[in-house]
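Remarks on the structure that follows.
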Amino acid sequence: MEEHAKIVMEAVRTADRDRYLSALYAPEDKRPALFALYAFNAEIAGVRDRIREALPGEVRLQWWRDVLAAGNIQAAAGHPVAEALIGAIDTYGLPVDALQNYLDARIFDLYDDPMPSRNDLEGYCGETAGAIIQLASMILEPEAAPSFAGLAGHAGCAQAITGLLRLLPHHRARGQCFVPRDILSAVGSSPEEFVSGDGGAGMPGALAAMIALAAEHLAAFERGARELPVSLRPAFLPVALTGAYLTSLRKMGREPATVPAEIAGWRRHALLFRHAARGWKSNHI
């Protein structure tokens, strides 16, 4: 089991550096469950990258549904991440329905269908990134977590939309469009135009609208984050980086279509440390 725990932690460190660093600010006894949750998220988020067609991806998601429905180590079939997740569910009473809904939302990743609307995008973000934050909160402080479910929704939307913008070159290269059709229509573009060539004349407007949407949810999160108890901060810590990523995206103009937005490693560490120690009393460093 100790070897499996190392595998799970390494999976998060490799695939999701921001959440890995955030988990290190959690109490030591809570970290294995957080790593299990984050490794599950990384595993499912990466399904599209490991398949050539949607059907094998759906089969993989169904395997996870069956494991969650069975709810025992035997069903995990020796899979380190699955075993660790089942252990976290058992230990902390995590709601399996939330994880099943997460898997349902991730079906969208497997296809090239455009995101229909802003409401659909926000729903997708809430059931994926928002759910991960809320489940992490339940691991850290189950009594306090329900009071901050709404905050987790805003945090998840801000984090996920920003993450989609950072992955824009990757998504465009495979013909996938997470920018909602109604946003594209408002700037005189379409999903087909957005993912082809340089993205067309509507690219700057679409990027600006997506950045504004992420910023809107980030502002809503920050208004309520001052009440966030210290015990729950590690669950929300990845959102501490969102403002810096958005600043980088704004400065890049059209570049996010072809170049992933990043922030310096020292700044990432500084932001996480500051928010872990002081919370969300201010927005910049």
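All residue numbers in this chain count up from 1 along the given sequence.
With salt bridges taken as basic N to acidic carboxylate O contacts below 4.0 Å, one links D112 and R48. A salt bridge between R268 and E262 is present, with a side-chain N of the basic residue lying under 4.0 Å from a carboxylate O of the acidic one. E28 and R31 are not joined by a salt bridge, as no carboxylate oxygen comes within less than 4.0 angstrom of a charged side-chain nitrogen. Of the charged side-chain nitrogens involved, none lies within less than 4.0 Å of a carboxylate oxygen, so that R181 and D120 do not count as a salt-bridged pair.
Shortest non-hydrogen contact noted between Y25 and H269 is OH-O, 4.2 Å.
For F273, the CZ atom is loosely surrounded, since the number of other residues' heavy atoms within 6.0 Å does not exceed 12. Summarising the local packing, CZ of R52 is surrounded by 12 or fewer heavy atoms from other residues, nucleotides or ligands at distances under 6.0 Å.
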I133 vs Q159, side-chain contact (heavy atoms from CB on, under 4.5 Å): CA-CA, chis, key distance, verdict = CA-CA 10 Å; I133 293 172; Q159 182 188 16; 3.7 Å; yes

Assess whether side-chain contact (heavy atoms from CB on, under 4.5 Å) is satisfied between H170 and D49, documenting all intermediate values.
-> CA-CA 10 Å; H170 182 59; D49 295 324; 2.8 Å; yes

Dump the intermediate steps for side-chain contact (heavy atoms from CB on, under 4.5 Å) on L68 and L85, then the final yes or no.
-> CA-CA 9 Å; L68 291 171; L85 184 62; 4.0 Å; yes

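Remark: A82 pairs with W63, W64, V67, A76, H79 by the side chain to side chain contact (heavy atoms under 4.5 Å, CB included) rule, at least two apart or across chains.
Q134 places no side-chain N or O within 3.5 Å of a backbone atom of G153 that could act as its donor or acceptor partner. Checking side-chain atoms of R13 against main-chain N and O of Y20 turns up no donor-acceptor pair under 3.5 Å. For the pair R106 (side chain) and T128 (backbone), a donor-acceptor distance under 3.5 Å is absent.
The ring-ring contact (aromatic ring centres under 6.0 Å, His included) analysis of residues 245-264, with sequence neighbours excluded, yields no pairs.
D66 and Q62 share a side-chain donor-acceptor pair at under 3.5 Å.
Centroid-to-centroid, the aromatic rings of F221 and F236 come within less than 6.0 Å.
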